[in-house]
Asks: 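Got a structure for you, written out below as structure tokens; questions coming shortly.
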Amino acid sequence: MNRRRARTASVLLLAGLAALTGCSAGSGQQAVTPPARISEATAAPTPDASSAPVRPLARSLPVRVRVPAAGVDTGPTGPVLELGLAADGTVEVPSVADADRIGWYDKGVTPGQTGPAVLIGHFDTARGPAVLKNVSKVAVGDEITVTRADGTTAVFRVRELEQVDKDAFPTAKVYGDTDRPELRLITCGGELTDGHRPDNIILYADLVATRAA
């Protein structure tokens, strides 16, 4: 097994224990209305096979995430959080105090490297709307940009949106190896049940451009 496949197998093993969480759900009077459920018709568009591949970037930590369609720019709220694994084996999520920030799953690749980089943010918390409160405004074709510590910016285009029950989280699809740089942005969705949102909303995006410092 080569080093890259060994790394992927390790990430999948960890993610298999962690995938159900994705992000925390909101509760209480301040929680916001969830976005409309993503339909199958919009969840799996055919990628543009004619697009020229973009050269992968070297490893560099993400420091700023922008999702213009959802009004997200983490620049004013602080650097991207580094998320590992919690004591129970689940993926860490940003704390309630950091609900306006996005975290990066640091067991995987950094945005722009070959493979699936995973970002996680809250839709809402008990305190109210959070960083991805407007995720329903994102559509296929919209851009997500990630500024990295080396000054480069990786530009991704959303090609698929998916809403799934957390008990049916597509672990291999989200964390599995890819032959090009890709991005996953994960938050919560669905109607509140016992103070938690039962679904994950997952945005899948492909690297389409890079910008130098």
Asks: Is R157 paired with D206 through a side-chain N to carboxylate O contact shorter than 4.0 Å?
Replies: no
Asks: Report the residues that fulfil salt bridge (charged side-chain N to carboxylate O under 4.0 Å, His left out) with R101, sequence neighbours left out, ordered by chain and then residue number.
Replies: D98
Asks: How are the rings of F169 and Y175 set to each other: parallel, tilted or perpendicular (split at 30° and 60°)?
Replies: tilted
Asks: Distance check, rounded to the nearest 0.5 Å: I102 atom CD1 versus I120 atom CD1?
Replies: 10.5 Å
Asks: Under 4.5 Å between side-chain heavy atoms, counting indirect links through other Ile/Leu/Val/Met/Phe/Trp/Tyr residues: same cluster for V155 and L183 or not?
Replies: no
Asks: Applying side-chain hydrogen bond (donor to acceptor under 3.5 Å, both in side chains) to E182 and Y204, what does each step give before you reach the verdict?
Replies: CA-CA 7 Å; E182 298 186 13; Y204 301 84; over 6 Å; no
Asks: Return the minimal non-hydrogen interatomic distance between A99 and A130, and the atom names on each side.
Replies: O-CB, 3.3 Å
Asks: So which atom in P94 and which in L81 form the shortest heavy-atom distance, rounded to 0.1 Å?
Replies: CB-CD1, 3.7 Å
Asks: Before accepting this row, confirm whether a basic side-chain N of the pair R184/E160 lies closer than 4.0 Å to the acidic partner's carboxylate O.
Replies: no
Asks: Please report the shortest heavy-atom distance between V54 and A209, naming the atom on each side.
Replies: CG2-N, 3.8 Å
Asks: Same cluster for L85 and V93 if Ile/Leu/Val/Met/Phe/Trp/Tyr side chains link at under 4.5 Å?
Replies: yes
Asks: Can you sort out the partners of D142 under salt bridge (charged side-chain N to carboxylate O under 4.0 Å, His left out), two or more places apart, ordered by chain and number?
Replies: none
Asks: Is the shortest heavy-atom distance from the side chain of V174 to the side chain of P116 under 4.5 Å?
Replies: no
Asks: Calculate, to the nearest 0.5 Å, the distance between atoms CG and CD1 belonging to L161 and I201 respectively.
Replies: 8.5 Å
Asks: Check the surroundings of atom CZ in R59: do more than 12 heavy atoms from other residues, nucleotides or ligands lie under 6.0 Å from it?
Replies: yes
Asks: What pairs with A86 under side chain to side chain contact (heavy atoms under 4.5 Å, CB included), at least two apart in sequence or on another chain?
Replies: D88, T90, E92
Asks: Whether the side chain of T110 engages the backbone of L61 through a donor-acceptor N/O pair (distance < 3.5 Å, no angle test) should be reported.
Replies: no
Asks: Begin from the C-alpha positions of V135 and L203 and carry the test side-chain contact (heavy atoms from CB on, under 4.5 Å) through to its verdict.
Replies: CA-CA 9 Å; V135 67; L203 279 58; 3.9 Å; yes
Asks: Donor-acceptor check, side chain of N200 to backbone of T187, threshold 3.5 angstrom: yes or no?
Replies: yes
Asks: Does V96 sit in a hydrophobic cluster with other residues, and if so which ones, taking ILVMFWY side chains as linked at heavy-atom separations under 4.5 Å, directly or through other members?
Replies: none
Asks: Could you state the interatomic distance from NZ (K137) to CG (L132), rounded to the nearest 0.5 Å?
Replies: 13.0 Å
Asks: Do P170 and I202 come within less than 4.5 Å of each other through their side chains, counting heavy atoms only?
Replies: yes
Asks: Output the distance between atom NE2 (H122) and atom CZ (R197), rounded to the nearest 0.5 Å.
Replies: 12.5 Å
Asks: Which residue pairs pass the side chain to side chain donor-acceptor pair (under 3.5 Å) test when at least one of the two sits in residues 73-86, sequence neighbours left out?
Replies: R64-D73
Asks: Between R66 and E143, is the closest basic N to carboxylate O distance under 4.0 Å?
Replies: no
Asks: Using side-chain heavy atoms (C-beta onward) and a distance below 4.5 Å, is T153 in contact with T210?
Replies: no
Asks: Give, for atom CD1 of I186 and atom CG of L119, the distance between the pair rounded to the nearest 0.5 Å.
Replies: 8.5 Å
Asks: Would you mind reporting whether Y105 and V91 have side-chain heavy atoms less than 4.5 Å apart?
Replies: yes
Asks: Listed by chain and number, what are the side chain to side chain contact (heavy atoms under 4.5 Å, CB included) partners of V63, not counting sequence neighbours?
Replies: T147, A149
Asks: Indicate if V67 and V208 have the same hydrophobic cluster label, given that clusters are the connected sets of ILVMFWY residues with side-chain heavy-atom separations under 4.5 angstrom.
Replies: no
Asks: For residues P62 and V146, report the shortest heavy-atom separation together with the two atoms involved.
Replies: CB-CG1, 3.6 Å
Asks: For the backbone of R180 and the side chain of T114, can you confirm whether one donor and one acceptor N or O come within less than 3.5 Å of each other?
Replies: no
Asks: Restricting to side chain to side chain contact (heavy atoms under 4.5 Å, CB included), what partner residues turn up for A154, sequence neighbours left out?
Replies: L57, R148, F156, L207
Asks: Testing the basics here: between F123 and C188, what is the closest heavy-atom pair and its distance to 0.1 Å?
Replies: CB-O, 3.6 Å
